[in-house]
Amino acid sequence: MTTVADIIGELEKSDGRKILKSYLDEEFGGKFLDKFDAITALYLDFNAVINISALKTYDDIYIKHYLDSIAAHKYIIGDCCDVGCGGGFPCIPLATVTANNYLGIDGVGKKLGFIDMCADKLGMLNIKSRHSRAEELKNTPFRFDTVCARAVADADKVLRYCAPIAKPGGRVVLYKTQSDDTVSDQTLKKTKCKLDNIVDYTLYNTDIKRRLLIYSVPV
């Protein structure tokens with residue numbers, strides 16, 4: 001099994017890791033880099049057996065998985081469900097930097113093993129996985145303060161999946177690019193949700209432009 005000690009020399013050369021470190025220094029007082037390094041060591045082993053992502057360079061892992069995922073941390077409230085999480089992004093990075101509880105769900109069960117591995121090996125008690133689709137969860141008692149989705153379908157479709165599993169008064173946070181459209185008026189009427197905020201930003205010390213669409217769910 002790969003350990004951080006095995007790869008620390010290569011990690012220290014990574015510009016992506018340096019960017020994440022600077023962000024963590026500013027946003028969280030320098031905490032969590034060791035945890036992300038440990039996640040990386042596990043990721044390399046898991047992804048070599050079960051392909052959860054095409055991102056394999058350290059720069060991509062630290063920027064496009066970790067930094068991109070935690071950019072929304074200020075907008076996550078209470079218990080959060082990550083819909084279509086794949087191998088655990090954004091929920092694993094979010095669970096690393098916040099105390100919120102996370103449930104990652106995906107229709108491809110084998111990918112969820114990485115969430116379980118991180119929870120087990122790194123003692124991440126605030127994250128769990130469930131092999132399920134959002135459409136199935138809406139028929140259960142589970143409801144969440146926040147439902148988030150990253151790189152999952154178009155905004156109309158994903159809001160229709162996410163809104164029914166959010167608590168009344170909760171929110172849906174969609175990770176998008178700045179070229180993506182907001183939800184149509186027809187979908188807003190159907191879900192009874194309201195667009196509260198559009199947050200356009202550039203990932204810290206990069207030229208990657210991103211957008212968060214934040215919707216409130218009716219009480």
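Scanning for side chain to side chain donor-acceptor pair (under 3.5 Å) contacts around Arg130 gives an empty result, with sequence neighbours left out. The side chain to side chain donor-acceptor pair (under 3.5 Å) check on Asp15 picks up nothing, with sequence neighbours excluded. Checked against side chain to side chain donor-acceptor pair (under 3.5 Å), Glu27 has the following partners two or more places apart in sequence or in another chain: His73, Lys74. Here Asp59 pairs with nothing under the salt bridge (charged side-chain N to carboxylate O under 4.0 Å, His left out) rule; sequence neighbours left out. The salt bridge (charged side-chain N to carboxylate O under 4.0 Å, His left out) test applied to Lys190 returns no partner, not counting sequence neighbours. Annotation: side chain to side chain donor-acceptor pair (under 3.5 Å) contacts of Arg171 (sequence neighbours excluded): none. Among residues two or more places apart in sequence or in another chain, the ring pair (Phe, Tyr, Trp, His ring centres under 6.0 Å) test is passed with Tyr23 by Tyr204. For Arg160, there are no salt bridge (charged side-chain N to carboxylate O under 4.0 Å, His left out) partners at least two apart in sequence or on another chain. Not counting sequence neighbours, the partners of Lys64 by the salt bridge (charged side-chain N to carboxylate O under 4.0 Å, His left out) test are Asp60.
Residue Leu159 is grouped with residue Ile198 when hydrophobic side chains (ILVMFWY) are merged at heavy-atom distances under 4.5 angstrom, including chains of intermediate members. When hydrophobic clusters are built by joining Ile, Leu, Val, Met, Phe, Trp and Tyr residues whose side-chain heavy atoms come closer than 4.5 Å, directly or via intermediates, Tyr75 is not grouped with Val158. Residues Ile115 and Ile76 share a single hydrophobic cluster, defined by chaining ILVMFWY side chains whose heavy atoms lie under 4.5 Å apart. Follow the hydrophobic side-chain contacts under 4.5 Å out from Leu42 and you reach Phe89 in the same cluster. Leu94 and Ile92 fall within a single hydrophobic cluster, where Ile, Leu, Val, Met, Phe, Trp and Tyr side chains are chained together by heavy-atom contacts under 4.5 Å.
With values rounded to the nearest 0.5 angstrom, Leu44 atom CG is found 12.0 Å from Ile39 atom CD1. Here the straight-line distance linking atom CG of Asn101 with atom SG of Cys81 works out to 12.5 Å at 0.5 Å rounding. Here the straight-line distance linking atom CG of Asp196 with atom OG of Ser216 works out to 3.5 Å at 0.5 Å rounding. Taking OG1 from Thr98 and CZ from Phe32, the interatomic distance works out to 8.5 Å, rounded to the nearest 0.5 Å. How far CG of Leu11 is from CG of Asp37: 5.0 Å, rounded to the nearest 0.5 Å. The CD1 atom of Ile63 sits 12.0 Å away from atom CZ of Arg17, with the distance rounded to the nearest 0.5 Å.
Side-chain contact check for Cys148 versus Cys80: some heavy-atom pair is nearer than 4.5 Å. The shortest distance between side-chain heavy atoms of Ile165 and Val83 falls below 4.5 Å. The shortest side-chain heavy-atom distance between Val172 and Ile214 does not fall under the 4.5 Å cut-off. Under the 4.5 Å side-chain criterion, counting only non-hydrogen atoms from C-beta, Leu20 is in contact with Ile70. Contact annotation: the side chain of Tyr215 approaches that of Leu174 to within less than 4.5 Å [non-hydrogen atoms, C-beta and beyond]. Residues Val97 and Phe36 have side chains in contact (heavy-atom distance under 4.5 Å, counting atoms from C-beta outward). Looking at heavy atoms from C-beta onward, Glu12 lies out of side-chain contact with Lys18 at the 4.5 angstrom threshold. Residues Thr202 and Ile208 form no side-chain contact, since every pair of their non-hydrogen atoms from C-beta on lies 4.5 Å or further apart.
Nearest approach of Cys85 to Leu112, heavy atoms of both residues: SG-CD2, 3.5 Å. Ala72 and Leu212 make their closest contact through CB-CD1, 3.8 Å (heavy atoms, listed as atom of the first residue, atom of the second, distance). Nearest heavy atom pair, residue Asn126 against residue Ala95, reads ND2-O, 3.1 Å. The two residues Leu213 and Ala155 have their closest heavy-atom pair at CD1-CB, 4.2 Å. Here the shortest heavy-atom pairing between Thr140 and Leu137 reads OG1-O, 2.7 Å. Here the closest heavy-atom approach between residue Asp6 and residue Met1 is recorded as OD2-O, 3.8 Å.
Counting only distance, with no hydrogens or angles, the side chain of Asn100 and the backbone of Asp79 share no donor-acceptor pair below 3.5 Å. In this structure, Tyr58 contributes its side chain and Lys13 its backbone to no donor-acceptor pair below 3.5 Å. Side-chain atoms of Gln178 come within 3.5 Å of backbone atoms of Arg210 as a donor-acceptor pair (strictly under, hydrogens ignored). With Thr146 contributing its side chain and Ile77 its backbone, the two residues share a donor-acceptor pair below 3.5 Å.
Looking only at atom types and distance, the side chain of Asp180 has a donor-acceptor partner in the side chain of Thr177 under 3.5 Å away. Side-chain contact check for Tyr62 and Thr40: at least one donor-acceptor pair (N or O, by modelled atom type) lies under 3.5 Å.
Contacts classified as salt bridge (Lys or Arg N to Asp or Glu O under 4.0 Å) and involving residues 136-158 (residues at least two apart or in different chains) are given here: Asp68-Arg150, Asp145-Lys167. Judged as a ring pair (Phe, Tyr, Trp, His ring centres under 6.0 Å), the pairs with a partner in residues 108-158 (not counting sequence neighbours) are, in order, Tyr43-Phe114, Phe46-Phe114. Applying the side-chain hydrogen bond (donor to acceptor under 3.5 Å, both in side chains) rule to pairs touching residues 106-122 yields Asp116-Ser129, sequence neighbours excluded.
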message = As a quick check of understanding, evaluate salt bridge (charged side-chain N to carboxylate O under 4.0 Å, His left out) for Asp185 and Lys189, giving each step before the final call.
response = CA-CA 6 Å; Asp185 290 342; Lys189 184 177 181 179; over 6 Å; no
side-chain contact (heavy atoms from CB on, under 4.5 Å) between Cys193 and Val183, intermediate numbers included: CA-CA 10 Å; Cys193 290; Val183 168; over 6 Å; no
Please determine whether side-chain contact (heavy atoms from CB on, under 4.5 Å) holds for the pair Tyr161 and Glu135, giving the CA-CA distance in whole Å, both sets of side-chain angles, and the decisive distance to 0.1 Å.
CA-CA 6 Å; Tyr161 291 156; Glu135 307 95 296; 3.8 Å; yes
Item to complete: Could you check Ile19 against Thr206 for side-chain contact (heavy atoms from CB on, under 4.5 Å), going step by step and ending with a plain yes or no?
Response: CA-CA 8 Å; Ile19 289 171; Thr206 76; 4.3 Å; yes
Original post:
Can you check side-chain contact (heavy atoms from CB on, under 4.5 Å) on Thr96 and Met124, steps first, answer last?
Top reply: CA-CA 8 Å; Thr96 301; Met124 298 179 69; 3.4 Å; yes
